[in-house]
Amino acid sequence: MSGEMAGKIIKCKAAVAREAGKPLVIEEVEVAPPQKMEVRLKIMFTSLCHTDVYFWEAKGQNLLFPRILGHEAGGIVESVGEGVTELKPGDKVLPIFTGECGDCRHCKSEESNMCDLLRINTDRGVMINDGKTRFSKDGEPIYHFLGTSTFSEYTVVHAGCVAKINPDAPLDKVCVLSCGISTGMGATLNVAKPKKGMSVAIFGLGAVGLAAAEGARIAGASRIIGVDLNANRANEAKKFGVTEFVNPKDHDKPIQEVIVEMTDGGVDRSVECTGNVKAMMSAFECVHDGWGVAVLVGVPSKDDEFKTLPINLLNERTLKGTFFGNYKPRTDIPGVVEKYMNKELEVEKFITHEVGFSEINKAFDLMLKGESLRCIIRMDA
């Protein structure tokens, strides 16, 4: 069964990025039907993540325009392509910027979520199946972004990049779980794994860092030390369980030394969410010897390197990295939505603003000014 438009082109509104750093333009585009192993989704709500802004500014990556950005969203399956058995029209879903084919070594491993077929690819602007776009205008292709392109009323996504969720979940809330919140929370719960009563330091208190703090709160950490260069974030961070705030600018010695002194030898766990290599080393060097674990979440520039003394590792400190909080998109994200439904996890506090689709550029302004954590964009407004 499929909707009346199944197999046909849908004309709809999309916010198209036509050139780097220029406001998105709301245009009518054509969205082709889903091909083999693809689904076409009606996007109900999308939100803006810093990754969208980074690729919109296009500093230091391949320029790929015109492009429909957006990757944090919630929607409904409109129609499915050939071979899709686990999704049907009407299903409530979260499209995800990385995928789970179910067949590769990574998908078959309990330890990995980095699917060989569908893992994140920031350069690709076309569908895997045929190397073509499903978006066009006047015969001109419009490129995809992260396999999701949610700044459109309809989009086409590989079925392996779609998490089917509880039909009662409110999409205007849980849409933010499809990227940043799960990334931060999973870094703490799935990778750092603090035990009840432990101390945790979080470097960088943007949405991902605050989600990492939320993970520490859920785990029962006794002290959650937030580290950020922006003093304005201290107050906000308390809502996410942060018990102490440290600004490296207020100290004349390396921040790792400050934290080691505060915690009698170091924190039990740390989570780095800035992507700054100096912060990465501070996060590693501030954990306690014998059992301390530091987890890297933030993405650095491509050629960045860091150095530390090997004795820091030999003294039984652990340095780990994570991608998307080690969650498998289709297998695990429905369970993260259940955490929200069971009131274990609060997402409302991450949502600071809401705008209509026609005002999508306002969401970019808010993020560039550092005023928003997450701004929900209502597709019907």
Side-chain angles (χ1 to χ4, degrees), residues 2-20 24-43 46 51-52 55-56 58 61-73 75-89 91 93-104 107 115-163 178 329-330 379:
S2 270
E4 66 219 47
M5 293 306 292
K8 299 180 187 150
I9 287 172
I10 287 180
K11 289 187 173 178
C12 70
K13 284 193 302 218
V16 182
R18 291 219 160 253
E19 40 186 320
L24 305 187
V25 190
I26 304 274
E27 303 180 17
E28 185 177 81
V29 300
E30 298 192 335
V31 185
Q35 302 298 309
K36 190 174 180 180
M37 294 311 291
E38 296 171 1
V39 292
R40 188 161 56 184
L41 308 179
K42 180 177 172 55
I43 298 295
T46 184
T51 309
D52 298 305
F55 280 87
W56 166 75
Q61 331 91 355
N62 300 345
L63 292 176
L64 198 55
F65 294 100
R67 198 171 200 184
I68 296 173
L69 298 169
H71 65 284
E72 200 170 86
I76 308 281
V77 175
E78 176 270 336
S79 60
V80 303
E82 179 196 335
V84 177
T85 54
E86 291 179 19
L87 295 160
K88 62 186 188 307
D91 283 347
V93 296
L94 302 180
I96 312 236
F97 64 91
T98 185
E100 182 183 349
C101 72
D103 295 324
C104 69
C107 288
C115 175
D116 276 330
L117 181 70
L118 300 170
R119 75 170 67 174
I120 186 171
N121 182 327
T122 56
D123 291 334
R124 189 168 55 228
V126 294
M127 298 304 284
I128 289 179
N129 182 35
D130 59 1
K132 295 184 176 137
T133 70
R134 300 290 172 263
F135 298 111
S136 61
K137 182 178 179 179
D138 304 329
E140 164 206 38
I142 299 175
Y143 294 107
H144 295 252
F145 176 63
L146 297 183
T148 50
S149 291
T150 60
F151 295 166
S152 174
E153 292 176 318
Y154 287 87
T155 188
V156 176
V157 180
H158 192 286
C161 300
V162 177
S178 63
R330 294 192 301 159
M379 299 306 288

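Excluded from the calculations below are hydrogen atoms, water molecules and symmetry mates; all remaining heavy atoms, backbone and side chain alike, are included.
When every heavy atom of Pro95 is checked against every heavy atom of Ile43, the shortest pair comes out as CG-CD1, 4.3 Å. The two residues Gly147 and Val157 make their nearest non-hydrogen contact at O-CG1, 3.5 Å. Here the closest non-hydrogen pair linking Leu94 and Ala73 is CD2-O, 3.4 Å. Minimum heavy-atom separation, Ile120 to Thr98: N-OG1, 3.4 Å. Between Val31 and Cys12, the shortest heavy-atom distance links the atoms CG2-SG, 3.8 Å. The two residues Leu87 and Asp91 have their closest heavy-atom pair at CA-OD2, 3.4 Å.
In this structure, Ile128 CD1 and His158 NE2 are separated by 5.5 Å, a value rounded to the nearest 0.5 Å. Between Ile68 atom CD1 and Phe135 atom CZ the span is 4.0 Å, to the nearest 0.5 Å. From Glu82, atom CD reaches atom CD of Glu38 across 10.5 Å, with rounding to the nearest 0.5 Å. The distance from the CG atom of Leu24 to the CH2 atom of Trp56 is 7.5 Å, given to the nearest 0.5 Å. Taken to the nearest 0.5 Å, the CG atom of Leu69 stands 14.0 Å off from the OH atom of Tyr143. Note that CD of Gln35 and CZ of Arg134 are 4.5 Å apart. Values are rounded to the nearest 0.5 Å.
Ionic pairing of Arg18 and Glu140 is present here: one or more N-O contacts between side-chain nitrogen and carboxylate oxygen are shorter than 4.0 angstrom.
Of the candidates Glu30, Glu27, Glu28, Lys137 forms a side-chain hydrogen bond (donor to acceptor under 3.5 Å, both in side chains) with just one, namely Glu27. Applying side-chain hydrogen bond (donor to acceptor under 3.5 Å, both in side chains) to His71 and the options Thr150, Thr148, Asp52 leaves one that passes, Asp52. Of the options Cys161, Cys107, Pro329, a side-chain contact (heavy atoms from CB on, under 4.5 Å) to Leu118 is made by Cys161 and by none of the others.
Side chain of Arg40 to main chain of Glu78: no donor-acceptor pair is present (N/O by atom type, distance under 3.5 Å, no hydrogens or angles). A side-chain donor-acceptor contact under 3.5 Å links Thr46 to the backbone of Glu72. Side-chain atoms of Arg67 come within 3.5 Å of backbone N or O of His144 as a donor-acceptor pair.
More than 12 heavy atoms of other residues, nucleotides or ligands lie within 6.0 Å of CZ in Phe65, so this atom counts as buried by the packing criterion. A 6.0 Å sphere centred on CD of Glu86 holds no more than 12 heavy atoms belonging to other residues, nucleotides or ligands.
The side-chain heavy atoms of Cys101 and Cys104, taken from C-beta on, include a pair separated by under 4.5 Å. For the pair Val39/Ser79, no side-chain contact is recorded, criterion being any heavy-atom separation below 4.5 Å from C-beta on.
Listed by chain and number, the residues in a side chain to side chain contact (heavy atoms under 4.5 Å, CB included) with Ile26 are Lys13, Ala15, Phe357, Ile360 (sequence neighbours excluded).
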